[in-house]
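Following: one structure in structure tokens, then a few remarks.
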Protein chains: 2
Amino acid sequence: MRNPRQGRPNRVTISDVGAAAGVSASTVSRVLNGTTKVDPSLAARVHDAVRQLGYRPNAAAQGLARGEWGTIGVLVPDLANPYFPEVLKAVSAVARSHGRRVMVMESDEDPSIEHDLVEDLMRSCDGVLLCSPRMGRADLVVLTARDHPLVLLDRIVPGLAAPAISADFFGGMMLICGHLAQLGHRQVAYLSGPEVSWANAERIRALEAAKAFGLSVTILPCGSTSSCGYAAAAEVAGTGATALTTYNDLVALGAVTRMRELGVRVPEELSVVGFDDIALDHVAHTGLTTVSTPRGQLGRQAAEMLETLMTERHDGEPVYLPMELHVRDSTAPPRVTREPAE
Amino acid sequence: MRNPRQGRPNRVTISDVGAAAGVSASTVSRVLNGTTKVDPSLAARVHDAVRQLGYRPNAAAQGLARGEWGTIGVLVPDLANPYFPEVLKAVSAVARSHGRRVMVMESDEDPSIEHDLVEDLMRSCDGVLLCSPRMGRADLVVLTARDHPLVLLDRIVPGLAAPAISADFFGGMMLICGHLAQLGHRQVAYLSGPEVSWANAERIRALEAAKAFGLSVTILPCGSTSSCGYAAAAEVAGTGATALTTYNDLVALGAVTRMRELGVRVPEELSVVGFDDIALDHVAHTGLTTVSTPRGQLGRQAAEMLETLMTERHDGEPVYLPMELHVRDSTAPPRVTREPAE
DNA sequence: CTGTTAGCGCTTTCAC
DNA sequence: GTGAAAGCGCTAACAG
């Protein structure tokens, strides 16, 4: 019952093709890669042989010989987060335009395997795009010291030997705070994202800064999913907040759902703001006020940075991409404006 | 400004390690792979050298020498569809348990590049999982004839030289029809998925079969996203349908949103049924009646089939995984039961 | 233009 | 146990 070719698929090699076409392996290679002019009649014979034998070049052998894989690797924490597919599409487009394919790996938010995955990616890709909000700084230092093209996505860590690009989370949250303050809100709650997430820290940093404008902020531990938001929403009432900010749109939507169930009207009794502007168009029946992450540009530019790094081997300054405020239906002036004085 | 190592990162080779440790390359290999007993003191020296030099084996060279990549490839049409991340997580878990990593590629619903991507995957993976609802039969035949481990996901095509596994879409839609019929519905509309999709054809096949039970079905062209559902929803009124079935949950949710805007009450005036049971928990405020795809099991079992195929080189019968009906709040008896007679 | 000759970095007999 | 040598399949000088 066992197939004789067991364990070694695609056994037809470039020499087989050469033999079949009556030429040398190098000629086959030349025809296939178009590196040198080849006699048209020979080329035709080669193509025939390729087709007949179903020959496909072995990627490992090519990689070895060329010293290049023709591939870039991307590590993302969680494919289920709608944030990433959009980034990935942009990355793929850029990569393809440079003749490279994209290999995606998911760490599933598990920091313990993340390091290994990156190493794997480095061993089999020309460059890697690393999106790892929670990896410890120590690991990051080790990885970026590897002298392998690597760009950091949505995480800026000073002093690392790798270029980085990120949405300006701090600026985005400032936009939100400004909007809320201008509506007259003073007491704000924040449903916090993952503890050790850099992106979350940036949001909190902005919240802190906003205190200078008279905003008083209560931070509630939460998470990054709609279920987290749903679960944590009940806590908000106790804080006396008239407005709720969140780690992301998913959390916000979860919170809105819960608020509805609790009989709290949004935005009349409580303003709710998201983050990321994930297009859940026509799914969530809430026009959520939020800030948008430029995911396409993020992916595009990150990929370009990596490409530059791979060919020219020098990096630049970290870049922050601005976010944009979208005021929709989930924010309004507070019902009763409380005096800032306690 | 140019880095001297330009174009060739990771230049430290196994021989470098050997030299540093005062042993041969073969010994280093043996230590690293644990293939043979090696003197502990030598092993220690090797490990030190590895650490010192930051050595990482070159994946291409390993692949070439071993005739194995230690990788399986997965091609999915669209990562933005929440359906796939769940499948992928299951696939990854299985692959990892077999010591293989997973490389994901997205075809972005573009059939023209899909074939190439699969070929790429075949050239650099030990096996591939292909999820391609729209690829033409001809391409499929070519690909599956390649004598390279390949399993088809969510698509059963008779006569192909590759094992296949799929959710039982036909059965799922039958469940829905049964539910609707028992509620008393007679006129049903269907918001159809992508034209050439096999999964869509299966659903339609079930709808046709349901006619035997007195259901009369109008098929409306639509698509697979919530926006499509939103856009197509207006057409439903004209069909006289009392119940609406859809290609998937996203479409259903989009339709529900539109219905609300149009003042059509769900389920009182129109029952709506989804497909897939994508957990948009706490995001959509609709308890959508739907059937669930066993995504985890699908991924798990597909990965196992592939693993078997890679090691034992023989395939089995196509397998259909049953779907399950979840009756929630979006379906109810029709307001006025029309007589089947015209 | 085309064939021959060396490797790319690693694993794996094969001798010692 | 360990080293030397051959070879995985391909590309890239190098000669003709």
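In what follows, chains are A, B, ... by sequence order, proteins preceding strands, each numbered from 1. It should be emphasised that the depicted structure is a prediction, and the values quoted were computed from it without experimental measurement.
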Length of the [atom1]-[atom2] vector between [X] and [N], whole Å:
X: B/W69; N: C/dT11; atom1: CH2; atom2: C1'; value: 15 Å
X: A/L64; N: D/dC8; atom1: CG; atom2: C1'; value: 9 Å
X: B/R123; N: D/dC10; atom1: CZ; atom2: C1'; value: 11 Å

What heavy-atom pair brings [X] and [Y] nearest, and what distance separates the two atoms?
X: A/P163; Y: A/M305; result: CB-CE, 3.6 Å
X: B/A302; Y: B/L153; result: CB-CD1, 3.8 Å
X: B/A25; Y: B/I14; result: O-CD1, 3.7 Å

Discussion item. Quick one about A/D78 and A/Y83 (side-chain donor to acceptor, distance below 3.5 Å, no hydrogens or angles considered), yes or no?
Written reply: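 No pair is found: no donor N or O on one side chain lies under 3.5 Å from an acceptor on the other.
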Discussion item. What verdict does the side chain to side chain contact (heavy atoms under 4.5 Å, CB included) test give for B/C125 and B/M103, after you've listed the backbone C-alpha separation in whole Å, the side-chain angles of each residue and the deciding distance to 0.1 Å?
Written reply: CA-CA 8 Å; B/C125 299; B/M103 156 166 185; 4.0 Å; yes
Worksheet item: For B/R100, what residues pass the side chain to side chain donor-acceptor pair (under 3.5 Å) criterion, not counting sequence neighbours?
Response: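 In terms of side chain to side chain donor-acceptor pair (under 3.5 Å), with neighbours along the sequence ignored, B/R100 is linked to B/E68, B/D126, B/E307.
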Discussion item. If the cut-off is 4.0 Å, is B/T27 near the phosphate of D/dT2, judged by side-chain N/O to OP1 or OP2?
Written reply: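 So the side-chain polar atoms of B/T27 never come under 4.0 Å of the phosphate oxygens OP1 or OP2 of D/dT2.
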Fill in: Any residue of residues 37-50 of chain A with a heavy atom less than 4.0 Å from an atom of DNA chain C
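Contacting residues: A/K37, A/V38, A/D39, A/L42.
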Item to complete: Would you indicate whether the side-chain heavy atoms of B/M105 and A/V102 approach each other to under 4.5 Å?
Response: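 With C-beta onward as the side chain, the pair stays apart.
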Worksheet entry | Under 4.0 Å protein heavy-atom contact, by nucleotide of nucleotides 11-16 of chain D - B base, S sugar-phosphate only | SBB---
Fill in: Flag, side chain of A/D16 to backbone of A/T13, donor-acceptor distance under 3.5 Å
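At least one qualifying donor-acceptor pair exists.
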